[in-house]
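Here the structure comes first, spelled out in structure tokens, and everything after it is commentary.
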Amino acid sequence: MPLPLIKLFTLVGKQLIGKPIANTIKRAAKKSPWVKTSVIMPVAQLYTRTTVQMRSYGLGLGKVQSVEPVSIDRAMDLFGDFIGEFTILMFAVLAIYIEVSGRSRQNQKAEDAHEAFNDTIKSLNDKVEQLELCVQKQELEGKKVEEALKNLNMTMYYSQHGITSKVLALTEENNDAKHKKPTEKKKNVVKEE
């Protein structure tokens, strides 16, 4: 935000909120001596002492030993200024808080969206892996079906030509040979010798 707008907002905040609060406290102070002595005078004295100390340090004069007390009228004016400045400070703190909390909410939403996106990607990857497994399984089943069809075609061909018993024996031997363990084959070879 540009500097003139910031100054404008602080001035508006001071005039709309700080001044009415300060005027209300001044009216209460005129009616009650307790407010004058317990609230306004200590704040005004502290404000004056702090301002004088800061000016003397800024000018290189060192620490001031004593600061003369302020009058009641001057104390009320100082208190009004203090309330106005304090109001502006509170507005600034509130604005910063709102900005930070808004950004943290935005960051949280972005993180949640990112997590949801990652979860979706993961679930899609899992589904793709499941589909790949299904495709592999179906390919194996398809090969088995092709082999069975081939055997069936051979059986039908040989049965039409009258060679059924020989084909069935050969087919059974081929199937037995495929399903036997390698150690059993070695034993059969040894026995035949």
Side-chain angles (χ1 to χ4, degrees), residues 1-22 24-25 43 50 54 81-193:
M1 188 183 303
L3 189 62
L5 286 177
I6 293 172
K7 287 184 177 181
L8 178 67
F9 283 127
T10 58
L11 183 63
V12 167
K14 187 188 262 186
Q15 292 297 322
L16 291 179
I17 296 172
K19 290 275 184 178
I21 292 172
T24 304
I25 293 173
V43 172
T50 306
M54 290 174 64
D81 291 344
F82 177 76
I83 291 296
E85 297 299 324
F86 185 76
T87 304
I88 291 171
L89 177 68
M90 288 298 110
F91 273 126
V93 168
L94 182 64
I96 290 170
Y97 175 76
I98 290 170
E99 181 67 25
V100 168
S101 65
R103 286 195 183 187
S104 66
R105 275 186 260 134
Q106 286 177 344
N107 290 342
Q108 185 63 37
K109 285 180 184 178
E111 287 177 14
D112 291 344
H114 186 67
E115 280 184 32
F117 179 74
N118 286 340
D119 291 344
T120 303
I121 294 292
K122 186 179 180 211
S123 69
L124 289 175
N125 285 337
D126 291 344
K127 288 179 182 179
V128 166
E129 288 176 7
Q130 290 174 351
L131 289 173
E132 286 175 351
L133 291 174
C134 288
V135 166
Q136 289 175 355
K137 186 177 178 182
Q138 288 179 350
E139 285 176 353
L140 288 174
E141 288 176 2
K143 287 180 182 178
K144 287 180 184 177
V145 168
E146 283 179 14
E147 190 176 321
L149 281 174
K150 207 183 267 184
N151 289 338
L152 183 62
N153 283 338
M154 284 177 48
T155 305
M156 288 177 59
Y157 174 77
Y158 289 126
S159 68
Q160 290 174 353
H161 292 82
I163 326 173
T164 308
S165 60
K166 289 181 182 176
V167 170
L168 288 175
L170 285 173
T171 306
E172 287 177 7
E173 285 178 14
N174 285 340
N175 287 340
D176 288 342
K178 287 181 183 176
H179 296 294
K180 283 185 181 178
K181 295 181 181 175
T183 55
E184 292 176 3
K185 286 184 183 178
K186 289 180 183 176
K187 289 179 184 175
N188 289 339
V189 172
V190 174
K191 288 180 183 177
E192 290 174 4
E193 292 177 359

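Atom CG of D119 and atom CG of L124 lie 11.0 Å apart (nearest 0.5 Å). Here Q138 contributes atom CD and E141 contributes atom CD; the two are 7.0 Å apart, rounded to the nearest 0.5 Å. Atom CD of E139 is separated from atom SG of C134 by 11.5 Å, given to the nearest 0.5 angstrom. To the nearest 0.5 angstrom, K109 atom NZ is 7.5 Å from Q106 atom CD. In this structure, CG in N118 is found 4.0 Å from NE2 in H114, a value given to the nearest 0.5 Å.
Annotation: side-chain contact (heavy atoms from CB on, under 4.5 Å) contacts of Q108 (sequence neighbours excluded): E111, D112.
Residues K137 and L133 fail the side-chain proximity criterion, which asks for heavy atoms closer than 4.5 Å.
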